[in-house]
Visitor: 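Take this structure, written in structure tokens, and hold onto it; I'll ask about it next.
Values below: every heavy atom of this structure, side chains too, minus hydrogens, waters and symmetry copies.
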Number of protein chains: 2
Amino acid sequence: MYENGYVPPILTVDNVIFQIIDGHLSVLLIKRSQEPFKGIYALPGGYCAAGETTRAAMGRILETKAGIDVTKLKLTEQLYSFDTVARDPRGHAVSITYMGLGKDLMIHDSETVQSPEFFRLSDLPKLAYDHKAIIKYAHERLQSKLSYTNAVFALLDQFFTLTQLQTVYEAILCRRLDKRNFRKKILTLDLVHDTNERLQDGAHRPARLFRFNKQALESLSRNFD
Amino acid sequence: MYENGYVPPILTVDNVIFQIIDGHLSVLLIKRSQEPFKGIYALPGGYCAAGETTRAAMGRILETKAGIDVTKLKLTEQLYSFDTVARDPRGHAVSITYMGLGKDLMIHDSETVQSPEFFRLSDLPKLAYDHKAIIKYAHERLQSKLSYTNAVFALLDQFFTLTQLQTVYEAILCRRLDKRNFRKKILTLDLVHDTNERLQDGAHRPARLFRFNKQALESLSRNFD
DNA sequence: ACAAAAGTGTTAAGAATACACCCATGT
DNA sequence: ACATGGGTGTATTCTTAACACTTTTGT
């Protein structure tokens, strides 16, 4: 096929899609319909063929296998490439993994969809391949991105309260933060600005609504943490 | 070749090999002997075939095309994977890039070697493909690794003076550091320990020789910078 | 009036920065 | 004696961390 009898490895793309659901960091999984690992949950992934970029493959796979509208992902980032010699029964494969972040990601049912579902990171089912390790890696990357970039914006609506923002940080960092110190830090980072709107959602004082100054990934001048 | 007529993209591995030469961060380049970019300098790279891990391909390519003994690399790290649709004249390719660090890396001449040479980062020749951008990316990664890991060990001998250590930091961070603050910081980081040896190399007070506490990559408890 | 979440300031400890002189050696 | 790089301490500023009460609303 290629010159000199060169045969490339199989190339696959696996995707770690995160969103916050009810204040918990959650990841998108599908249930495998075929061997290997039939009936076991796995990250949505698939082949990447010649002529298709890995990012395009990511989008196609998410749309067809998981029913996710990729235009709703506010941030995507390549994580790592794994060699899978002698692990994947289909032979030598290289898998490129991507992370995607969004807010209110909906799963659209279709014929090609393979039982997609979001699971809390704290409550994952048994996973195929080494996908558990890949999710752990993605989570660590997300944690560190949070501390030196404005990446949180991708997990929130355009308008949000500082409490909602803090909840997202806490869900990802897996620890409680001090409310006063958190607000002080966020405001000095120049990450957000006050809109003069309020959110009234219960029997308590209404909360100020904020917006992000940027809706694109940037490095922060100082660390958050 | 594969089931369902699946044709994978070409997979290549490109390598950014750094070492410090005369106090300057330097990168390994080869001169391309064939089109495309014949006669132009490039990162040493090549095909990765089915059955060969990308790391194995890295080693093979460095040995054959650049005459580098890969066992002398004290640290290797995968950087990123680039899609090269419509950029590489050979068709759609995916390139996985690795960074390698060492000290006193020698180039061994052989028949297969393609004019390998180390160039100072501050004085690079014209480069093929987007290899300039890849080197920039690697340099940034190295800078940030330096601040939160013990990665410097890979660029120094086992025994070294604090001035040599500082010189390496300065070469990579591209800025001068305060000698007293640097030493204070390094010692509190618990990165190195004093051997009771001295290095006498000129008409001045002999310098204490230090060793790293660990010769494997670790995260630091606090940031260096 | 009570419940529930929003909002707000001060103090203490630790980390980062700025800065200048003496020391040990070879020639 | 002098030239060369090695080695050392303090004061200031900034950052982080710890900590509890008042405000605004709905019921």
Visitor: Would you check, one step at a time, whether the test ring-ring contact (aromatic ring centres under 6.0 Å, His included) holds for B/Phe160 with B/Phe212?
Guide: CA-CA 9 Å; B/Phe160 52 87; B/Phe212 289 101; 4.4 Å; yes
Visitor: Give a yes or no on this: more than 12 heavy atoms of other residues, nucleotides or ligands lie within 6.0 Å of atom CG of A/Asp22.
Guide: no
Visitor: Taking only side-chain nitrogens and oxygens of A/Lys185, does any of them come within less than 4.0 Å of OP1 or OP2 of D/dT16?
Guide: yes
Visitor: Would you kindly give the CG-to-C1' distance between A/Asp178 and C/dT11, to the nearest whole Å?
Guide: 14 Å
Visitor: Using whole Å, what does the distance between atom C1' of nucleotide C/dA24 and atom CG of B/Leu199 come to?
Guide: 14 Å
Visitor: For a quick check, tell me whether the side chain of B/Asn181 and the base of C/dA18 share a donor-acceptor pair closer than 3.5 Å.
Guide: yes
Visitor: Between C/dA18 atom P and B/Arg175 atom CZ, what is the distance in whole Å?
Guide: 10 Å
Visitor: DNA chain C: A/Ala203 or A/Leu209, which has the more 5' nearest nucleotide?
Guide: A/Ala203
Visitor: I need the CZ-C1' distance between B/Phe182 and D/dG7, as an integer number of Å.
Guide: 14 Å
Visitor: Without decimals, in angstroms, what is the distance between A/Leu189 CG and D/dC14 C1'?
Guide: 14 Å
Visitor: For B/Leu162 and C/dC23, what is the distance between atoms CG and P respectively, to the nearest whole Å?
Guide: 20 Å
Visitor: So which one's nearest nucleotide on DNA chain C is more toward 5', A/Lys184 or A/Asp201?
Guide: A/Asp201
Visitor: Which listed nucleotide (C/dA6, D/dG7, D/dA17) is nearest to the side chain of B/Arg205?
Guide: D/dG7
Visitor: How many Å lie between CZ on A/Arg208 and P on D/dT24, as a whole number?
Guide: 11 Å
Visitor: Send over the distance from B/Arg183 CZ to C/dC23 C1', rounded to a whole Å.
Guide: 13 Å
Visitor: By nearest nucleotide on DNA chain D, pick out whichever of A/Phe224 and B/Arg198 is the more 5' one.
Guide: B/Arg198
Visitor: Which one, C/dA18, D/dG7, C/dG9, comes nearest to the side chain of A/Arg180?
Guide: C/dG9
Visitor: Side chain of B/Ala207, heavy atoms from C-beta onward: which of C/dG7, D/dG6, D/dC19 has the nearest atom to it?
Guide: D/dG6
Visitor: Check the side chains of A/Thr163 and A/Arg183 for a donor-acceptor pair under 3.5 angstrom, ignoring hydrogens and angles.
Guide: yes
Visitor: Under 4.0 Å between any heavy atoms, over every strand shown, what does B/Lys179 touch: base, sugar-phosphate, or nothing? Just pick one.
Guide: base
Visitor: To the side chain of B/Pro206, which of C/dT17, C/dT25, D/dA18 is closest?
Guide: C/dT25
Visitor: May I ask you to verify if any side-chain N or O of B/Thr163 is less than 4.0 angstrom from the OP1 or OP2 atom of D/dG5?
Guide: no
Visitor: Tell me whether A/Arg211 forms a cation-pi arrangement with A/Phe159, defined as NZ or CZ under 6.0 Å from the six-membered ring centre and within 45 degrees of its axis.
Guide: yes
Visitor: If we count only N and O atoms by modelled type, under 3.5 Å, do the side chains of B/Asp83 and A/Thr54 hold a donor and an acceptor together?
Guide: yes
